[in-house]
Amino acid sequence: MAQVDENHVIAERREKLKAIRAQGVAFPNDFKPDALAANIHADHGDAENEVFEAKAVNVKVAGRMMLKRVMGKASFATIQDGSGANAGHRLQLFISRDNIGEEAYEAFKHWDLGDIIGATGYLFKTKTGELSVKVTALRLLTKSLRPLPEKFHGLTDQEVKYRQRYVDLIVNEETRATFVVRSKVVSAIRNFMIQNEFLEVETPMLHPIPGGASAKPFMTHHNALDMQMFMRIAPELYLKRLVVGGFERVFEMNRNFRNEGLSVRHNPEFTMMEFYAAYTDYHWLMDFTEQCIRAAAIVARGTATLTYDGKVVDLSKPFERLTIVGAIQKYAPQYTLAQLNDVAFLRAEIMKHGTKPFDHAGLGALQLALFEETAEAQLWQPTYIIDYPVEVSPLARASDKNPEITERFELFITGREMANGFSELNDAEDQAARFTSQMKAKEAGDVEAMYYDADFIRALEYGMPPTGGCGIGIDRLVMLITDSPSIRDVILFPHMRPEA
RNA sequence: GGGGCGUUAGCUCAGCUGGUAGAGCAGCGGACUUUUAAUCCGUUUGUCGUGGGUUCGAUCCCCGCACGCCCUACCA
């Protein structure tokens with residue numbers, strides 16, 4: 001790779017590294033820290049100097065030098081280690097010529113912000129009361145060749161934050177905090193599932209037939225088998241095969257891939273937690289999903305009452321449940337019930353909003369389209385929308401009372417879809433018929449219609465117990481819990497176009 | 001795909017509808033033994049995103065392109 005972005009600062013540091021190499025091992029790996037900044041603050045932050053004078057507390061610490069103040073024969077430096085997401089992972093060092101010797105002190109004066117250093121010394125408090133290490137020995141562990149962003153303003157360029165996340169993480173506390181919260185959300189959900197006796201499983205990412213959702217897949221090719229394969233768009237059909245096999249409660253939290261547009265809510269690969277529980281239905285799923293999300297918020301943030309984009313989102317109360325028509329009536333009350341059941345009216349009304357419904361769209365699909373145009377974005381507080389039409393739900397169990405609708409829900413929070421679940425279709429013959437109708441739609445030009453998965457039908461023919469299943473969008477949930485405006489803010493390495 | 005905004009030093013940003021660029025930080029040299037974005041003195045650094053056009057002259061005006069952000073569309 002050409003070093004297109006070399007500059008005089010980097011050149012200066014390369015010269016320094018050259019001199020260090022000439023003196024011996026430039027990248028030593030024999031310094032073993034025995035304490036972390038956050039723990040030191042926690043354990044000794046309240047102690048006064050008399051305590052340290054009575055009994056010296058010796059520490060070996062290491063980290064990246066973030067601040068450096070040289071005042072003649074004595075200096076302060078601030079290092080940052082991996083011990084926390086807040087200012088607690090920083091620690092101040094007091095370095096003086098008299099304590100570490102002339103030669104070491106001269107060397108230190110030429111070290112740079114960003115260098116990784118190791119310090120041995122003992123704790124004390126400065127005049128202003130800051131817990132610090134009086135350094136008795138100091139070593140350069142890794143020379144940093146590239147200058148860090150400006151120490152006060154940090155890194156604000158959105159593009160560089162995404163492309164060079166490592167720099168973003170070094171200098172922006174909020175970024176570190178976001179991904180620590182993400183990790184807590186993921187582990188909270190995993191714990192919640194395991195506590196509820198779900199088995200965590202891993203199903204294929206490479207599918208011979210893409211299934212489980214209506215989406216455009218990424219295509220790839222397996223050389224040895226000389227066959228086309230698809231990156232999975234959803235794990236659904238494999239997880240249900242496991243329910244057939246007798247794993248009656250399974251979940252998988254992993255990546256799905258969809259070859260579609262990017263936006264603040266869409267990344268081509270995203271994380272979904274999908275779960276199936278035999279002998280449950282969509283009512284149970286809604287109760288359970290609600291508890292799971294609430295538990296994740298409480299573990300990650302300590303509360304189920306969140307703020308998103310300056311507005312309260314209350315996850316602590318039972319989530320509202322509305323039918324599609326009910327939601328339109330609540331959020332777009334200008335429509336009469338008669339209009340909402342009038343196919344011609346709905347079609348015209350949707351066209352007015354700039355969307356052209358499919359020619360074959362039935363009443364339910366049209367009601368859904370109008371809901372999406374008028375009500376969806378207003379669902380700020382957690383709301384379940386229920387009773388989705390059969391024609392857009394090829395894997396969901398139809399209602400026993402009304403064969404046109406399914407026992408399905410989607411969960412909306414802050415106007416965004418967070419989860420989608422339903423009582424599963426376990427009638428193999430009905431499922432085969434639904435696949436056949438999807439194939440017809442595909443032949444008619446619907447690129448997102450599903451493929452016919454004969455092995456999945458065969459599995460259902462062995463008998464799948466009545467089951468409920470649901471998928472929760474982890475990235476969007478983390479956006480909500482971390483008050484992040486873009487999905488890219490909660491994905492460590494979001495997809496970008498190649499650099500120019 | 002459509003629209004808006006942006007791209008100037010390593011970073012954060014100024015730059016008067018036109019005369020080929022500045023500040024702070026970082027860097028380099030110096031002073032300084034309790035600083036907190038340390039301070040003080042001196043000092044280096046730019047294909048002004050890119051390619052055309054207009055002009056005596058373009059960072060600035062016009063057009064194309066690239067990349068980014070936002071909105072919109074698509075996408076359950």
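So you know, we letter chains A, B, ... as the sequences are listed, proteins then strands, and number each from 1.
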Residue-phosphate contact under 4.0 Å: [X] side-chain N/O, [N] OP1/OP2:
| X | N | value |
| --- | --- | --- |
| Lys16(A) | rC28(B) | yes |
| Lys151(A) | rC11(B) | no |
| Thr156(A) | rC13(B) | yes |
| Ser96(A) | rU33(B) | no |
| Arg265(A) | rC75(B) | no |
| Lys73(A) | rU35(B) | no |
| Arg69(A) | rA38(B) | yes |

Expressed as a whole number of Å, how far does the C1' atom of rU55(B) sit from that of rC63(B)? 16 Å
Same-atom distance (C1') from rC16(B) to rC60(B), integer angstrom: 11 Å
Within the structure shown, what part of the strands sits under 4.0 Å from Thr126(A) by heavy-atom distance: base, sugar-phosphate, or nothing? base
For Tyr105(A), answer base if it contacts any base atom (sugar-phosphate contacts may also be present), sugar-phosphate if it contacts only those atoms, and nothing otherwise; contact means non-hydrogen atoms under 4.0 Å. nothing
For residues Lys143(A) and Ile20(A), determine if any side-chain heavy atom of one lies less than 4.5 Å from a side-chain heavy atom of the other. yes
Polar pairs (N or O, both sides) under 3.5 Å between protein and nucleotides 43-49 of chain B?
unit_1, atom_1, unit_2, atom_2, d
rU44(B), O2, His8(A), NE2, 3.3

For RNA chain B, the dot-bracket notation using Watson-Crick and G-U wobble pairs below 3.5 Å, [ ] for pseudoknot-type crossings and | for other-strand pairs, is (((((((..((((.....[..)))).(((((.......))))).....(((((..]....))))))))))))....
Establish, yes or no, whether the cationic atom of Arg165(A) lies under 6.0 Å from the six-membered ring centre of Phe493(A) and within 45° of the ring axis. no
